Amino acid sequence: MNLSFELYGELIPLAGGERISLVTEMAPATVAEALSVLADQCPALQPRLDQCAAVRDTDILLRSDPLPENGHLVLLPPVAGG
Amino acid sequence: MNLSFELYGELIPLAGGERISLVTEMAPATVAEALSVLADQCPALQPRLDQCAAVRDTDILLRSDPLPENGHLVLLPPVAGG
Amino acid sequence: MTDSSNRIHLTEYPIAIDELLALDRYPECGGLALFAGTVRDHHQGLPVESLRYTAYAPLAEKRIAEIEQQARERFGLSYCRVMHRLGALRIGDVAIVCVARAAHRAEAFEACRYLVDEVKHQAPIWKEEFYTDGSSAYVQGCCIRPDSRSGDQHHAHTDSHPDHHRVPHCDGDHS
Amino acid sequence: MTDSSNRIHLTEYPIAIDELLALDRYPECGGLALFAGTVRDHHQGLPVESLRYTAYAPLAEKRIAEIEQQARERFGLSYCRVMHRLGALRIGDVAIVCVARAAHRAEAFEACRYLVDEVKHQAPIWKEEFYTDGSSAYVQGCCIRPDSRSGDQHHAHTDSHPDHHRVPHCDGDHS
């Protein structure tokens, strides 16, 4: 399955880019499982993922929510506007 | 002695003018005494004087303070800016 | 009446808000709080058509300058500024602007609130309301006589920030 | 990145404060409170030279619109507006403006404070600071993950207005 992650804030320099695409043999069922795959593939992101919100369009998902069918997640680290 | 009172706010329509000049036989010694003369001469102001600050230039005087030598007092009713 | 040449807190012209923000200065500041009091079309149920503000300018200038200085010291402000409009105002016109700038937003907000409250309660300014039925009235205000018999009103009020400032009880403060 | 055509709370251009005040409308309002966050020349002891704000715009727009709606209802506002700048900012530039207009000043102040706090804590916007020594860092922020293991931080904080709004504890909130 194709997974893609759209990155923001400090995730971008950690990952070296704004987007990460991965291919997995086993399709992750939940957001948590997809993030586990990401943590394995991108160790630099791993320590930050716990504090990130996982988003589909404008909906913040729970870790237990099913992974969106398109395999795409937006990852939002802690926010600091204003 | 010549007394004069400079009026502001609602005192002006009550007195019918921005300034009142009075002549007294006895020179009032204190602010309180001068205001007592004013209350006698201008009954329309009398009910309001208790809530007025008496001022010389930019100094708010106490009722027990001596009347300024020039016999002039600025009378400020309750304020309502903003 | 008094000379208007040295008035920096009172104006008979529309208040230019941008010029009071001093945004081209004070690079150490991160927070700017502003209050603008505008002329409402109603007051205690009566429809208002216009207002007229008058002041005893010498003392109003002095008191507002003192209030600004108190705010700067108390809240550690880099900058603060109060400007009050005088004369005839229509609905929507800006009557008063208070600006406070500080490193952080908490102080800016508290100081701005302090500025508005203190100026309303202490500066010798009067508001005459003209109603749509042709009548008019001076708005009930706050007694600034220090030795008033009901002068304990200046000490009886306790609010949630007793160490910040006391706000005297004030019948006229409905705004 | 996303289409910027429908952005009404985010802009890459300098924020024109006057246009956000809506002073030509809302004659029922007597109080206008405004907060402007400006770029400070220091942060936690480090000299700052410039900033860069980025956002996940679709959710930032949605969250800010929701926060505005909450403020209107909670404080009975006639009007409120938040505008956040994105892109490269220099010292003194305005990063965020929040405006609240109500009949009376107390609600205007409280609502303005609410708007700033909520947007800072909830809108997906990030601040990268560039220091005078050439280094840079993202400012520590507030976790917006709803099911965070440390998610109880969203409920542990009690402030003096518990019924008004909760402010989540937030390591990055030093402004």
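Please read all numbers here as calculations on a predicted model, not as lab measurements. Just so it is clear, the values below take in all heavy atoms, side chains as well, and ignore hydrogens, waters and symmetry mates.
- Residue contact with chain C, scored on non-hydrogen atoms closer than 4.5 Å, is absent for Cys98(D).
- Contact detail for Asp41(C) and Glu28(D): the closest heavy-atom pair is OD1-CA, 3.5 Å.
- Arg40(C) places a side-chain N or O within donor-acceptor distance of the main-chain N or O of Ala103(D), the cut-off being under 3.5 Å.
- With rounding to the nearest 0.5 angstrom, the SG atom of Cys112(D) is 11.0 Å from the CZ atom of Arg105(C).
- Heavy-atom pairs under 4.5 Å with chain D peak, among Cys29(C), Ala33(C), Ala108(C), at Cys29(C).
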Report the C-alpha distance between Thr38(C) and Tyr26(D) in whole Å, list the side-chain angles of each, state the deciding distance to 0.1 Å, and finish with yes or no for side chain to side chain contact (heavy atoms under 4.5 Å, CB included). CA-CA 10 Å; Thr38(C) 54; Tyr26(D) 310 107; over 6 Å; no
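- Annotation: residues 17-25 of chain D contacts chain C through Ile17(D), Asp18(D), Leu21(D), Leu23(D) [non-hydrogen atoms, separation under 4.5 Å].
- The part of Val94(D) that comes within reach of chain C is its side chain, from C-beta onward, which places non-hydrogen atoms under 4.5 angstrom from that chain.
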